[in-house]
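Working notes for the structure below.
Heads up: numbering here begins at 1 and tracks the sequence. Being a predicted model, the structure only gives us computed values, none of them experimental.
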Amino acid sequence: MNAHCTRLHLFMDGELSESDAEAFRNHLPRCAACEGGLRDLLQLELLAARALSTGVVEPPAAKPEGNVVSLGAWVRRNARVVAPLAMAASLCAIFVPRMMPAAEVPAVVFLDNQPTRELEARLSDPRADKHRPYSPMRGGADGLEAGKVTLPLRPLARMEERKDFRGIVAAYVLHGQWQQAQAVLAREPASLARDIDLSVVALQDGRYQDALTLLEPVVRADSRNPQAQWNRGLALRALGQKEAAAAAFEQVAGLGEPGWSDEARGLAKGLREEAAR
């Protein structure tokens with residue numbers, strides 16, 4: 001056990017600074033105790049979530065033999081709290097109508113609490129597609145650290161339980177965790193929304209022609225899809241096709257979306273002026 005092993009619950013709650021959270025992520029694959037503790041905590045979260053949403057208490061999955069959890073006392077103490085709560089939730093489910101809204105996602109997950117956005121492309125999930133002024137991340141270690149906020153794991157666990165793939169992908173992308181986003185996209189069922197999110201990954205990787213290819217079926221199905229047309233505009237602009245890019249942004253401008261239409265109109269105007277020179 002080292003200092004990182006005492007920070008598992010802080011990591012779960014998203015209470016570490018970005019540098020500390022990154023250090024813990026690097027520590028996690030090398031520490032079987034923390035991996036086991038993380039697994040146990042997620043199981044407890046899912047147990048409580050299932051009980052509250054369905055009224056059925058499910059036993060946690062059996063742990064592999066020999067699994068030693070560094071925060072065992074902390075986990076056991078919470079287990080004794082969660083189990084009675086889960087049973088109480090089962091009783092409440094008998095009397096309380098099941099017309100309960102899904103748990104609210106904290107603002108930090110989709111960066112709703114940020115005044116600007118660092119991602120220029122648009123994601124398919126409406127929760128991650130609220131317009132904020134685009135402000136590219138400034139270079140330098142200080143700027144990088146200042147612009148980062150830690151993504152808490154508990155909301156992701158709840159979205160995983162609901163198979164909310166689009167939400168998980170959006171959260172990972174917004175927080176710059178591109179490898180994790182691609183891993184989720186790899187197991188997400190095929191859909192036009194998935195193609196939009198894959199185009200965002202392609203744009204990030206500089207695979208602009210791949211982004212256009214991914215967006216073709218989306219535009220064929222709905223030529224007024226704002227996320228598809230926006231991302232097409234970005235890809236075409238990167239490929240030097242300024243007139244075509246301007247046309248894509250003008251499509252978005254014509255949709256009258258608050259914030260997005262004005263930004264698209266400005267991008268289209270700038271591209272038309274550049275093409276005329």
Side-chain angles (χ1 to χ4, degrees), residues 110-140 143-144 147 165-167 169-178 181-182 184-185 188 190-277:
F110 298 118
L111 301 183
D112 287 342
N113 55 349
Q114 299 298 304
T116 60
R117 74 183 201 277
E118 294 178 356
L119 180 70
E120 189 172 20
R122 295 181 64 175
L123 292 154
S124 69
D125 193 312
R127 295 168 295 180
D129 192 44
K130 298 174 184 176
H131 183 269
R132 295 186 299 276
Y134 176 52
S135 177
M137 186 170 57
R138 293 183 294 275
L144 180 65
F165 295 112
R166 291 171 68 189
V169 168
Y172 278 139
V173 167
L174 290 174
H175 288 263
Q177 298 182 25
W178 293 94
Q182 291 182 67
V184 177
L185 283 166
E188 181 181 348
S191 68
L192 296 179
R194 177 175 179 264
D195 289 339
I196 291 173
D197 292 339
L198 284 169
S199 78
V200 175
V201 174
L203 288 169
Q204 171 66 18
D205 290 344
R207 296 182 288 107
Y208 305 118
Q209 191 59 54
D210 288 348
L212 290 176
T213 301
L214 285 162
L215 293 167
E216 283 177 5
V218 185
V219 174
R220 280 199 304 269
D222 180 10
S223 63
R224 292 169 57 84
N225 184 292
Q227 293 84 14
Q229 289 291 2
W230 183 279
N231 293 348
R232 280 187 74 248
L234 295 179
L236 290 165
R237 182 185 67 183
L239 291 170
Q241 301 180 35
K242 297 177 182 178
E243 292 282 359
F249 285 122
E250 286 165 353
Q251 286 263 18
V252 179
L255 297 176
E257 293 179 292
W260 292 112
S261 289
D262 288 341
E263 186 173 339
R265 193 172 294 110
L267 289 169
K269 179 182 178 183
L271 286 163
R272 294 287 185 196
E273 291 173 351
E274 289 179 19
R277 290 173 190 161

Which atom names give the shortest non-hydrogen contact between Pro226 and Val252, and what distance separates them?
O-CG2, 3.7 Å
From CZ (Arg132) to CG (Leu119), nearest 0.5 Å
9.5 Å
Test applied, side-chain contact (heavy atoms from CB on, under 4.5 Å); reference residue, Gln114; option that passes from Thr116, Leu111, Asp112:
Leu111
If you define the side chain from C-beta out and look only at heavy atoms, does anything of Leu185 sit under 4.5 Å from Glu188?
yes
Are any of the side-chain nitrogens in Asp197 or Arg166 under 4.0 Å away from the carboxylate oxygens of its partner?
no
Donor-acceptor contact present, side-chain Trp230 to main-chain Glu120, <3.5 Å
yes
Flag side-chain contact, heavy atom, 4.5 Å: Asn225 against Ile196
yes
dist Leu123:CG -> Lys130:NZ (nearest 0.5 Å) comes out at 13.5 Å
What distance do Arg117 atom CZ and Ser135 atom OG have between them, rounded to the nearest 0.5 Å?
10.0 Å
Under the side-chain contact (heavy atoms from CB on, under 4.5 Å) rule, collect the residues that match up with Gln241, sequence neighbours excluded.
Leu236, Leu239, Ala244
Residue pairs, two or more places apart or on separate chains, that pass salt bridge (Lys or Arg N to Asp or Glu O under 4.0 Å) and touch residues 214-230:
none
With no hydrogens and no angle check, is any side-chain donor or acceptor of Trp260 less than 3.5 Å from a backbone partner on Leu255?
no
With rounding to the nearest 0.5 Å, note down the distance linking OG1 in Thr213 to CZ in Arg207.
10.0 Å
In this structure, CG of Leu271 is separated from NZ of Lys242 (nearest 0.5 Å) by 7.5 Å
Are any non-hydrogen side-chain atoms of Asn231 and Val218 less than 4.5 angstrom apart?
no
With sequence neighbours left out, the residues meeting side-chain contact (heavy atoms from CB on, under 4.5 Å) with Ala253 are Ala264, Arg265
Smallest heavy-atom separation, Ala245 atom then Gly233 atom, equals CB-O, 3.5 Å
For Leu192 versus Ala221, what's the shortest heavy-atom pair and its separation?
CD1-CB, 3.6 Å
Within the 4.5 Å heavy-atom criterion, are His131 and Glu257 side-chain neighbours or not?
no
Under 3.5 Å donor-acceptor, Arg127 side chain and Phe110 backbone:
no
Counting C-beta onward and ignoring hydrogens, is there a side-chain heavy-atom pair between Val173 and Trp178 closer than 4.5 Å?
yes
Atom pair CG (Leu203) and CG (Leu215), whose distance is rounded to the nearest 0.5 Å
7.5 Å
Looking only at non-hydrogen atoms, find the nearest pair between Ala128 and Ala170 and report the distance.
CB-CB, 3.6 Å
So which pairs with a foot in residues 193-226 pass ring pair (Phe, Tyr, Trp, His ring centres under 6.0 Å), sequence neighbours left out?
none
Arg277 meets the side-chain contact (heavy atoms from CB on, under 4.5 Å) criterion, sequence neighbours left out, with Glu274
Residues two or more places apart in sequence or in another chain: which of them pass side-chain contact (heavy atoms from CB on, under 4.5 Å) with Ala248?
Gln229, Arg232
